Number of protein chains: 2
Amino acid sequence: MASETATTALAHSALATDIDFLAVKAFTTGTRIANRSLESHGLRVRSYSVLAITCGEVPVTQRDLAEFLALDPSQIVSLVDELESAGLVKREVDPADRRSRVVRATKRGRDRFAAARGAIAEAERESLATLDGAERAELLRLLRKLVFGPEDAPSAGT
Amino acid sequence: MASETATTALAHSALATDIDFLAVKAFTTGTRIANRSLESHGLRVRSYSVLAITCGEVPVTQRDLAEFLALDPSQIVSLVDELESAGLVKREVDPADRRSRVVRATKRGRDRFAAARGAIAEAERESLATLDGAERAELLRLLRKLVFGPEDAPSAGT
DNA sequence: TATTGTTATACTCTATAACTATA
DNA sequence: TATAGTTATAGAGTATAACAATA
């Protein structure tokens with residue numbers, strides 16, 4: 001069977017020990033699943049990410065969003081445009097600095113997020129099905145250290 | 001500072017415990033670094049991946065490549081076109097099934113791969129700098145289990 | 001002079017559908 | 001009829017550059 005040949009070839013190639021390659025392979029599949037799950041909520045992973053952050057307690061500007069999503073400010077514009085025209089977030093001029101726009105989720109946005117969050121959790125269960133609970137926890141810990149750094153890593157919480 | 005606000009907001013959002021989100025964030029950065037490292041070798045991560053596999057001992061068809069890179073066969077066509085016109089791989093008609101093309105690295109392709117592999121290793125060191133050796137090993141183990149499954153995972157080797 | 005948001009553009013990646021040649 | 005490879009196309013993501021309003 002071709003698929004057996006494929007797996008064999010991959011397992012014997014240099015890529016089998018390339019963390020970046022394996023990660024991209026695993027998580028592009030994860031993104032695909034997540035995008036399908038979000039489709040019925042009118043979102044994709046990127047717009048979901050923006051919505052999730054604006055649903056938090058800390059007020060954020062578009063510049064803030066660009067920074068930690070590691071996207072160019074111009075990309076944030078279209079994401080916020082999209083969410084705003086759907087009535088999920090609104091832009092507010094920052095009185096302290098009238099160049100800045102603080103982006104906040106509306107009531108409707110928070111409701112949408114709550115529903116979409118369930119879809120994301122389900123997608124994650126699917127894409128991480130081969131890992132047990134302890135392994136997922138460890139994977140989460142390693143990723144947090146990668147993203148937030150050794151010190152800044154927020155505690156895992158409850 | 002805005003960047004502190006950004007990290008704080010992210011750490012307090014629902015995304016801080018979303019494995020897929022954190023993984024995508026961590027490894028799109030990794031891909032960016034890897035692409036820059038490969039630039040001087042005339043490759044990108046996707047063409048590097050194809051080249052890496054065709055440098056392995058197991059002969060692979062384009063269909064095989066599509067399968068384990070999780071790309072559409074039509075995307076493989078342009079990747080192989082690109083590598084072939086650079087003289088790094090060549091297509092051979094499979095005598096057993098003349099529909100299939102076996103893709104093999106040329107001598108030049110293997111040399112290029114050897115050089116590029118060093119660049120990839122360097123990029124990986126950079127993108128995983130916050131993890132120590134044991135953590136990288138564990139991350140690799142978890143990713144292999146995700147990609148190859150619990151049984152098919154090739155042994156980590158030396 | 002520097003920064004926030006915006007518009008514009010080009011290139012890469014992702015996702016499908018249809019076609020050809022072989023089986 | 002089914003499969004391997006190919007061509008074509010449209011939409012999403014990535015990367016830059018330039019501009020207006022504000023600091």
Side-chain angles (χ1 to χ4, degrees), chain A residues 1-3 5-6 24-25 27-36 38-39 42-50 59-67 69-85 89-103, chain B residues 1-3 5-6 21 24-25 27-36 38-39 42-50 59-85 89-103:
Chain A
M1 246 163 269
S3 78
T5 302
V24 168
K25 180 169 169 55
F27 296 108
T28 55
T29 304
T31 298
R32 218 172 307 216
I33 295 171
N35 274 331
R36 287 199 204 278
L38 287 172
E39 201 169 11
L43 297 168
R44 294 178 63 80
V45 289
R46 294 178 70 174
S47 46
Y48 170 85
S49 299
V50 171
V60 287
T61 65
Q62 294 189 191
R63 165 70 40 172
D64 294 329
L65 289 167
E67 257 180 57
L69 292 175
L71 298 176
D72 191 87
S74 64
Q75 298 174 30
I76 299 297
V77 171
S78 50
L79 286 168
V80 173
D81 280 351
E82 180 190 327
L83 290 170
E84 192 172 43
S85 66
V89 303
K90 56 183 193 302
R91 286 174 166 96
E92 293 170 5
V93 174
D94 183 351
D97 182 347
R98 282 162 50 214
R99 290 173 303 183
S100 296
R101 315 286 151 174
V102 174
V103 184
Chain B
M1 249 163 267
S3 78
T5 302
F21 171 78
V24 168
K25 180 169 169 56
F27 296 108
T28 54
T29 304
T31 298
R32 220 171 307 216
I33 294 170
N35 273 331
R36 287 200 205 276
L38 287 173
E39 202 169 11
L43 295 169
R44 294 178 63 80
V45 289
R46 294 178 71 174
S47 47
Y48 170 84
S49 299
V50 170
V60 287
T61 65
Q62 294 190 190
R63 165 70 40 171
D64 293 329
L65 289 167
E67 258 180 55
F68 60 65
L69 291 174
L71 297 177
D72 191 86
S74 65
Q75 298 175 30
I76 299 297
V77 171
S78 50
L79 286 168
V80 173
D81 280 351
E82 182 190 325
L83 290 169
E84 192 171 43
S85 66
V89 304
K90 57 183 192 299
R91 287 174 166 96
E92 293 171 4
V93 174
D94 183 351
D97 181 344
R98 283 160 52 213
R99 291 173 303 182
S100 296
R101 316 286 151 174
V102 174
V103 183

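Protein chains get the first letters and strands the later ones, always in sequence-line order, with residue 1 at the start of each. The structure presented is a predicted model; accordingly, all values stated were derived computationally and were not measured.
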Exercise. Which sits closer to the 5' end of DNA chain C, S100(A) or N35(B), going by the nucleotide each is nearest to?
Worked result: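 Here S100(A) is the residue nearer the 5' end.
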Exercise. Does A70(B) or V102(A) map to a spot on DNA chain C nearer the 5' end, using the closest nucleotide for each?
Worked result: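 Taking each residue's closest nucleotide, the earlier one in sequence belongs to V102(A).
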Separation of atom [atom1] in [X] from atom [atom2] in [N], rounded to whole Å:
X	N	atom1	atom2	result
L71(B)	dT14(C)	CG	P	7 Å
D64(B)	dA4(D)	CG	P	9 Å
R32(A)	dG11(D)	CZ	P	19 Å
Q62(A)	dT3(C)	CD	P	18 Å
E82(A)	dG13(D)	CD	P	9 Å
R46(B)	dC11(C)	CZ	P	17 Å
I76(A)	dT6(C)	CD1	P	11 Å
L38(A)	dA12(D)	CG	C1'	15 Å

Problem set entry | Taking every non-hydrogen atom, the tightest pair across S49(B) and L69(B) |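 Minimum heavy-atom contact is CB-CD2, 3.9 Å.
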Exercise. For R101(A) and R98(A), which heavy atoms make the closest approach, and how far apart are they?
Worked result: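 Closest heavy-atom pair between R101(A) and R98(A): NH2-O, 3.8 Å.
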Exercise. Could you run down nucleotides 16-23 of chain C 5' to 3' and tag each one B, S or - for protein heavy-atom contact under 4.0 Å?
Worked result: B-----BS
Is it the case that the side chain of [X] and the backbone of [Y] share a donor-acceptor pair, with hydrogens and angles ignored and the cut-off at 3.5 Å?
X	Y	value
S47(A)	L43(A)	no
E84(B)	R91(B)	yes
N35(A)	V45(A)	yes

Exercise. Does any donor atom in the side chain of T61(B) or D64(B) lie under 3.5 Å from an acceptor atom in the other side chain?
Worked result: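 Side-chain D/A pair, T61(B) to D64(B): present.
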For this session: Tell me whether the OP1 or OP2 atom of dG5(C) has a side-chain N or O from R91(A) closer than 4.0 Å.
Result: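 For dG5(C), neither OP1 nor OP2 has a side-chain N or O of R91(A) closer than 4.0 Å.
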Problem set entry | Under 4.0 angstrom between R63(A) side-chain N/O and dT6(C) OP1 or OP2 |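 Looking at the OP1 and OP2 atoms of dT6(C), neither is under 4.0 Å from any side-chain N or O of R63(A).
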For this session: Flag the pair L71(A) / L79(A) as yes when at least one side-chain heavy-atom distance between them is below 4.5 Å, and no otherwise.
Result: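 Side chain of L71(A) against side chain of L79(A), heavy atoms only: contact under 4.5 Å found.
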Exercise. What nucleotide, of dG13(D), dG5(C), dT14(C), holds the atom closest to the side chain of T61(A)?
Worked result: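 Side chain of T61(A) sits closest to dG5(C).
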